[in-house]
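Keep in mind it's a predicted model, so treat the numbers as computed, not measured. Lettering of chains follows the sequences in order, A, B, ..., and the numbering in each one begins at 1.
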Amino acid sequence: MRLALIGLAILFLAAFLALPLVAVFSQALAKGVGAFLKGLADPDALSAIRLTLTIAAIAVPLNLVFGVAASWAIAKFNFRGKSLLLALIDLPFSVSPVISGLVYVLLFGLHGSFGPWLRDHGVQIIFAVPGVVMATVFVTFPFVARELIPLMQEQGVEDEEAAIVLGASGWQTFRLVTLPNIRWGLLYGVLLCNARAMGEFGAVSVVSGHIRGKTNTMPLHVEILYNEYNFVAAFAVASLLALLALVTLAAKAALEWRFADQIAAAKR
Amino acid sequence: MTAAASTTATKPARRGWAFLAPTILPGFGTAFGFTLAYLCLIVLIPLGHMALRAADVGWDRFWAITLAPRVLHAFYVSFGCALAAALINAVFGLVVAWVLVRYRFPGRRIIDAMVDLPFALPTSVAGIALTAIYAPNGWIGALAKAAGFKIAFTPLGIVIALVFVGMPFIVRTVEPVLQDLDAEVEEAAASLGATRWQTFTKVLLPTILPALITGVALAFARGVGEYGSVIFIAGNIPAVSEIVPLLIVARLEQYDYAGATVIATAMMGVSFLMLLGINFLQRWTRSRHAR
Amino acid sequence: MAIEIRNVEKTFGAFTALGGVSLDVRSGELLALLGPSGSGKTTLLRIIAGLDHADAGEVSFDGQDTRDRAARDRKVGFVFQHYALFRHMTVFDNVAFGLRVKKKAERPAEMDIRRRVDQLLTMVQLSHLASRYPSQLSGGQRQRVALARALAIEPKVLLLDEPFGALDAKVRKDLRKWLRHLHDDMHITSIFVTHDQEEALELADRVVVMNHGQIIQVGTPAEVYDHPADSFVFDFLGGVNRLNGVIEAGVARLDGKAVRVDGAVGADGPAVIYVRPHQVELGVAPADGVPDGKWSARVSSLHAAGPVARLELDLAGRALEAQLSRDRLSDLALEVGSWCTVDFRHARVFPAKS
Ligand SMILES: Nc1ncnc2c1ncn2[C@@H]1O[C@H](COP(=O)(O)OP(=O)(O)OP(=O)(O)O)[C@@H](O)[C@H]1O
Ligand SMILES: [Mg+2]
């Protein structure tokens, strides 16, 4: 029974998890290392990498600040409508990525409600970098808050009260007591948020317009190359993203292993 | 000796609080205000705006667009495949969670970490990788072809992509419940003469059912809206393997904003109703087994 | 610093946690808040510290209303029930925290902070553990770190919530003595919460007994022990015999015989007579029956280790505990199974709760 179950689980995971990973790397190297490197060194690929990093560098800090503010308000205070607020924060998780992009197209696109006004003022959001950033922020919105809220709820308010009775100001309390208490959970949330920000496809695909060298992120570039039957290059870029995923998983496992108690709260 | 009896305090005791429970911690106003403003700007206003735009289209056209055969079929494919994938995951995800929680074997840690791969791997990467494997010239696709059927470019391919995407939801929601479950309960059941199967259906399943339903709901919701990992393997043949998100994108590419808006709003509405239903189902199982 | 508490009320939703509490805390005394779980002790302590706001009533420090003084400006040392040590800081940094967060103008130089912290750590006998983290300490050590941290800001008032609650019996006893000495040295007005009557009676200058959000009695340990205000205090302090009797025409009776009681007797009806074991007077049973006004009982068990002998008696089917000196015991020549007469030197009676 035991062996049969373990075997079944491993077989299932091998077919669904290991095989795709192997496929990515083997296809990327199918024509040798030279072709692989050529696919990566392409100027369009390089600009996609740059754009992806830029977007993550904007979206992650924004959602980090939001996550900390939201969890401070939700975990440390009691107010009416808290569970509604919690549900609303989770909302982006249950919205299709395509819709996450569409809502901004309807607002800021050429035919959107603010489109004409924006055009008259020479501002472009859709089919430009701001739109890509907005869609990414929408999609990665709940990640940090989701990790922090249960953790901070579990930690309670005693430490903060102790600090205040000892004469600390609100800011000192937050910086010297709260922040160190949540740092690993925070890092964990940032890690997940970053992985999604760099890998988001559906939402970004709707708002970006796929302009090569301009609004093309790495996941979009993978699609374009693939649709052009440039498989080696497509899988070369994909292998970079897969590597990012593996690094994320490793870092996550390391954090979980090292700070199990501090992160466990978030999993309940 | 002073016994403090104060009967003079006749003013009615203040019950509860209006909005915020009294506290000495600072920063609620700032944190709450920022949270609410950010939430409105990023999520609520854009979503609400979309619903308004859908309402602008008018009732008749709304239904005309939604009930067009191609759209209906896309709904059928999206929700059907998501449900099938979620149910497949319910079985295999449970097995994986069970194995990870109950057994110790070499490589368990690595497997445990790998379960989250679908969360971390960009969907377009997953999409092309799965296609490479399941296309007729791929590793598994070729085997299937020899056996006389196709996986990629059929609804079966969509189900496979959604199984990949949804698997961690089940494992990660069931895992903590299994961890809390006392092995002694099973042993007790066994000592009372229950067979393995009876122990499973009568003792284990009722306990993990609420978590399992949560996991299935999450996987299902994610599967319905999934785009990146599906479009490559689906082949996107209208009325065969076309999913709703793709239809929305197609309408947008044809500058049919009204069509895209209506389909998107309808999809959100249906998902919302389904989640509501699942929520009820969950409460019901909870109350039945909470005793 | 003296603290006056006037008609303080606090409700949580529909639940009254404090129903009009008034109390004067004298400058420099060590006061115990004693009461069963849920009686509102922590709530009162938190209101004094400014961690919670009272719904009504006022708290003043040395005659000054504290309403407008935020918790961080009250100069109150608070030791939390679970210590609330900052787990990412060393023992030293924990103790230094209150000094380091002071405004620039008031903050001592780092050198002075070091000196002060070292001094405090020496006082709580933890200087050798200064660089450890809270997770590397035992419960009693954590407790002392929490105390040192609270004392670092030179508080005018020290508030301790169940300071020994999480410790085992031996450590409790040691820390108790140590806290008493510390208080005698420093003379900070201190209030500690406990639900252990022995702790309250042994440690405090005065004891405040609480129940259901009310103060039932305030007094020195001797007053509270010898003259409990009501049956609740008697029951809660424990170590007392409860005998079911009646009150008839203003006289307490046990098996028909009148009991001499201290204080008021109360209305007629079923009653409970409270007698402490050392107030039970035993005598040699005369050969010809029982003298008037006394009861007769049979010894059912006998513990004669130490200077005091404890006897379990059977008084017409009721268990009665008595204490007497070993000398007296040998005078009476009692052993298990023998009969004796029983009388009560001091007893109290309260109408039985229906
Ligand atoms: N934040 C709160 N919300 C609701 N009820 C509360 C809250 N804090 C305390 N209470 C209630 O008020 C009552 C008094 O609580 P308090 O903590 O003062 O009791 P206590 O005497 O300290 O008890 P213990 O010895 O168990 O610590 C309890 O019944 C408790 O349930
Ligand atoms: Mg308490």
Contact origin within C:L99 toward chain A - heavy atom pairs under 4.5 Å = neither

Pairwise side-chain contact, A:I49 with A:H221, heavy-atom cut-off 4.5 Å (strictly under) = no

I would like to know whether C:R116 and C:D112 meet side chain to side chain contact (heavy atoms under 4.5 Å, CB included); could you show each step before the answer?
-> CA-CA 6 Å; C:R116 175 107 188 92; C:D112 295 327; over 6 Å; no

Going by an N to O cut-off under 4.0 Å, is there a salt bridge joining C:R180 and C:D185?
-> no

When heavy-atom pairs shorter than 4.5 Å are enumerated against chain A, which of C:A84, C:G98, C:A150, C:A49 gives the highest number?
-> C:A84

Bottom line for A:E161: the part with an atom under 4.5 Å from chain C's heavy atoms is both

Residue pair C:K156, C:D62: steps toward the salt bridge (Lys or Arg N to Asp or Glu O under 4.0 Å) verdict | CA-CA 10 Å; C:K156 302 259 172 54; C:D62 275 342; over 6 Å; no

SB check C:R46 C:D161 (cutoff 4.0 Å) | no

Chain A contacts, top residue of C:F78, C:F97, C:Y83 (heavy-atom pairs, under 4.5 Å) = C:F97

Scored by heavy-atom pairs under 4.5 Å with chain C, the best of A:T173, A:V157, A:L166 is A:L166

